[in-house]
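All remarks here apply to the structure that follows.
Within every chain, numbering begins at 1; the chains are lettered A, B, ... in the order of the sequence lines, protein sequences first and strands thereafter.
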Amino acid sequence: MILLKLFNTLTRQKEEFLPLGEVVGIYTCGPSVYQYAHIGNFRTFIFEDVLVRYLRFKGYKVKRVMNITDIEDKALATARKEGKSLWEMTEYYSRIFFEDMETLNLLPAEVFPKATEHVPEIVDIIKKMMTRGFAYCGKDGSVYYDISKFPDWGKLSHLKLKLGKKKIKRDEWGEESSIISDFALWKSYEKEDGDVFWITELGKGRPGWHIECSAMSSKHLGTRFDIHIGGVDNIFPHHENVIAQNFGAFGENPSKYWLHCRHLMVDGRKMSKSASNYYTPRDLTGMGHKPMAIKYLLLSMNYRRRLNFTFEGLREAEEKIEKICNAIERLENASGRDDAGKLAVKAMERFEKVLDDNLNTGKALEVLEEFTDDCVKQNPDKESSEKIRETFKKMDSVLGLGLFSS
RNA sequence: GCCAAGGUGGCGGAACGGCUACGCAAUCGCCUGCAGAGCGAUUCCAUUCCGGUUCGAGUCCGGACCUUGGCUCCA
C-alpha cells in the first residue's frame, strides 16, 4: 500500500503516515457553540471529514473525536448579552451545527464530548499538573499553568517570545503581546458568571479555555494518539497550551501529527466572526446555492493553501457538480461499444496518488473532472460503464459530494 | 517590529530546470421542435521588478517591492 503523506506542523514537513496502533485516533477541535458556524469553520470540518473517509478508504479503522466547546468567556458574554442561559444558548447552536453537518454530508464523529460534561476529568488533569509541579494556585483562586516549567513551549508555533510572569485569566489580548504568560487552567468564580460554576476540589469556578482538549482527548483517545487537527489560528495559543498541559499531566505530546487547515478568505481577507465578513451554510443555501457546491468549492484547493471565497467560484462549482452528475446519469443507459474500463482504473490510480500527497483535494477534484470528460467522450459498453460507475462511487465515498443521491 | 505563506493571461488556478495545463469568460459551429445539457473549434502580448547561475529559469541563488496570515477572541 502506498503511504499517505501529511504535513506535520510540529516538524514543518510532510511525513509518512504511520499509525500508532490498530485504530487511528483523531481529535478535532470542534465548534464553539455560541454562534452559527460559518463556511470558513466548515472548511476545516470538511477537510477533516475527507481525511477520515480517505483513511477508511485505505483500510484503516478510525476513531474520531470532535469536541463541542460549550463554555468559554465569549459564550458566557454572549448568553448574558442575549439574556439567555448558557445552556439554552449552547443547546440551540449545537443543534444548528449538527444540522449543518448533515446538510454538508459530513460524517458524524464517533464521540462529540462537551466541555461542561467533563468537569471531573478536567479537575483531575489539573490536579495531576499541580502534583507534578506544572500548575499553581494564584492569589485570585484560579489555577495557572507555570509556563517556565515547560522548556518546549513554542515548538509548535515557532514563536520566539520572552518569558514573563503576566497571568492571563480572561481570554483577552495582553498588553504586552510578546511576553509569554501563565494561563488559566481553572477560573475562579466571578459575579458575571451567574449560575455557571462548579464546586470542586479546586474551588468554585469553571474550566479555562484550553484544558478541555487535554482532558477530553486523553479520556476518549488516550494520552497518545495519532492526529490532532484544527484551523491555523489554533496553533497559537490554543494548541501550544494543549501540548504544555499534556506534558504537565502525562509527560508527552498527545498527538503524533498536528494538522492545520489554512483560512478561508473572502474578498482577500480572512473570513472570521470578529470581522463579521462571513457566510454561514444557511446564508448560502437560503440564497439558493446547493450545499454540495459549497463543499465542492471548499475542497477545490489543498487545505494548506488559502482559498478565496467568491460567488463566481461557487457558481463554477455548481456547474462542475452538475456536469459530473449528468455524466453519471448517462452511464445508466449506456449501450455503446467502447471498452472504457481502463479509464476507470487509471483515474482511480491518479485519484489516490494526489490524495496521498497531503490530501490534495483540489487535484482530486481535477481528476474527477477529467475522468468525467473522458467518460462522456466515449461510448462505453455495458460492462465498462458499470466499472466506471463503481469508480465514481468510490471517489464519492471519499469526497462525500452526494453524487448518487439525486 | 518579529515569524510565516504567497505574487503566473480579463478572472480563477496548474506546472520534475526544457515540450508555454486546465477551468471560467468571449467568439463560431454541431446537436436540439424550443430550452437545457453535451460535443467540436477559435481567440487572449501572463509568470511583480532587478541582478546572478545555466545551452536553457515561472521553477535554482541573491536583492528589492507588494499582498495576506500569525504574534494570547478565532476553524
Side-chain angles (χ1 to χ4, degrees), chain A residues 9 12 28-32 34-35 37-48 66-67 69 72-75 77-78 97 147 154 156-162 164 166-184 208-210 229-241 259-265 267-276 278 297-298 300-310 312-320 322-327 329-330 354 360 362-363 365-367 369-370 372-373 375-379:
Chain A
T9 307
R12 288 194 181 174
T28 57
C29 281
S32 288
Y34 65 91
Q35 258 188 337
H38 56 66
I39 54 171
N41 302 126
F42 277 104
R43 181 186 188 190
T44 302
F45 303 144
I46 289 170
F47 156 65
E48 291 162 356
M66 181 187 237
N67 70 311
T69 300
E72 44 130 8
D73 290 356
K74 280 234 166 161
T78 307
F97 176 72
I147 222 107
L156 185 71
S157 56
H158 299 88
L159 287 178
K160 288 171 198 155
L161 300 185
K162 289 173 200 151
K166 207 162 145 289
K167 287 173 193 166
I168 294 191
K169 179 179 175 185
R170 297 274 152 184
D171 302 326
E172 287 163 356
W173 292 62
E175 282 180 17
E176 292 175 84
S177 59
S178 62
I179 293 180
I180 310 176
S181 310
D182 291 353
F183 58 92
W209 170 32
H210 314 289
I229 314 180
V232 283
D233 47 3
N234 273 338
I235 296 174
F236 183 88
H238 183 56
H239 289 160
E240 201 70 76
N241 288 347
L259 271 43
H260 293 97
C261 187
R262 210 174 281 273
H263 288 303
L264 182 66
M265 316 291 279
D267 298 327
R269 305 207 70 94
K270 182 177 126 180
M271 180 177 286
S272 74
K273 289 172 188 166
S274 53
S276 50
Y278 60 88
L297 176 62
L298 294 177
S300 66
M301 175 90 82
N302 174 280
Y303 75 93
R304 290 203 65 243
R305 302 209 54 183
R306 271 186 273 268
L307 171 59
N308 197 23
F309 173 84
T310 61
E312 201 196 337
L314 189 56
R315 203 205 74 239
E316 278 184 31
E318 234 140 57
E319 283 170 7
K320 282 174 181 170
E322 204 179 323
K323 189 172 164 181
I324 295 164
C325 288
N326 281 334
E329 217 169 290
R330 276 195 199 184
V354 297
N360 196 334
K363 282 198 184 155
L365 291 180
E366 272 177 38
V367 172
E369 285 163 32
E370 278 172 33
T372 305
D373 285 342
C375 291
V376 166
K377 279 176 203 161
Q378 297 225 12
N379 198 5

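As judged by a 4.0 angstrom heavy-atom cut-off over every strand, A:Arg304 is placed among residues making no nucleic acid contact. Within 4.0 Å of A:Met301, counting heavy atoms only, lie sugar-phosphate atoms of the nucleic acid but no base atom. Contacts of A:Leu264 with the nucleic acid, taken as non-hydrogen atoms under 4.0 Å apart, include base atoms. At the heavy-atom level, A:His238 lies nowhere under 4.0 Å from the strands shown. Using a 4.0 Å heavy-atom distance criterion, A:Ser32 is classed as a sugar-phosphate-only contact. Nucleic acid contact for A:Gly230: sugar-phosphate only, since backbone atoms but no base atoms lie under 4.0 Å from a heavy atom of the residue. Among the heavy atoms of the strands lying under 4.0 Å from A:Gly268 are primed sugar atoms or P, OP1, OP2 only; no base atom is included.
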Watson-Crick or G-U pairs under 3.5 Å in RNA chain B, rendered as dot-bracket with [ ] for crossing pairs and | for another strand: (((((((..(((.....[...))).(((((.......))))).....(((((..]....))))))))))))....
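On the C1' atoms, B:C73 is 43 Å away from B:C50, given to the nearest whole Å. On the P atoms, B:C65 is 28 Å away from B:U54, given to the nearest whole Å. A gap of 23 Å separates the C1' atoms of B:U32 and B:U42, to the nearest Å. With P as the reference atom, B:U48 and B:U59 are 8 Å apart, rounded to whole Å.
Test A:Arg43, A:Arg262, A:Met271 against A:Leu307 for side-chain contact (heavy atoms from CB on, under 4.5 Å) and you get one pass: A:Arg43.
Comparing A:His158 and A:Met265 along RNA chain B, the residue whose closest nucleotide (by nearest heavy atom) sits nearer the 5' end is A:His158.
If you take CD on A:Glu366 and CG on A:Asn360, they are separated by 8.0 Å, rounding to the nearest 0.5 Å. With values rounded to the nearest 0.5 angstrom, A:Asn241 atom CG is found 7.0 Å from A:Phe236 atom CZ.
One can find a donor-acceptor pair under 3.5 Å joining the base of B:A5 and the side-chain atoms of A:Arg306.
Considering only heavy atoms from C-beta on, A:Lys74 stays 4.5 Å or farther from A:Ser32 through its side chain.
In this structure, A:Arg315 pairs ionically with A:Glu319, as a charged nitrogen and a carboxylate oxygen lie closer than 4.0 Å.
By the ring pair (Phe, Tyr, Trp, His ring centres under 6.0 Å) test, A:His239 pairs with A:His228, A:Trp258, A:His260, sequence neighbours left out.
Of the listed nucleotides (B:A4, B:A75, B:U68), B:A4 has the atom at the smallest distance from the side chain of A:Arg12. Out of B:G6, B:A37, B:A75, the shortest distance to the side chain of A:Lys273 is found at B:A75.
Between the side chain of A:Glu240 and the backbone N or O of A:Ser157, at least one donor-acceptor pair lies under 3.5 Å.
Note on A:Ser157: every side-chain N or O is 4.0 Å or more away from OP1 and OP2 of B:G70. OP1 or OP2 of B:G70 lies within a sub-4.0 Å distance of a side-chain N or O belonging to A:Lys270. Regarding contacts with the backbone of B:A4, every side-chain N or O of A:Arg305 stays at 4.0 angstrom or more from both OP1 and OP2.
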Where protein sits on nucleotides 21-34 of chain B, one letter per nucleotide: B base, S sugar-phosphate only, - none, heavy atoms under 4.0 Å: --SSS---------
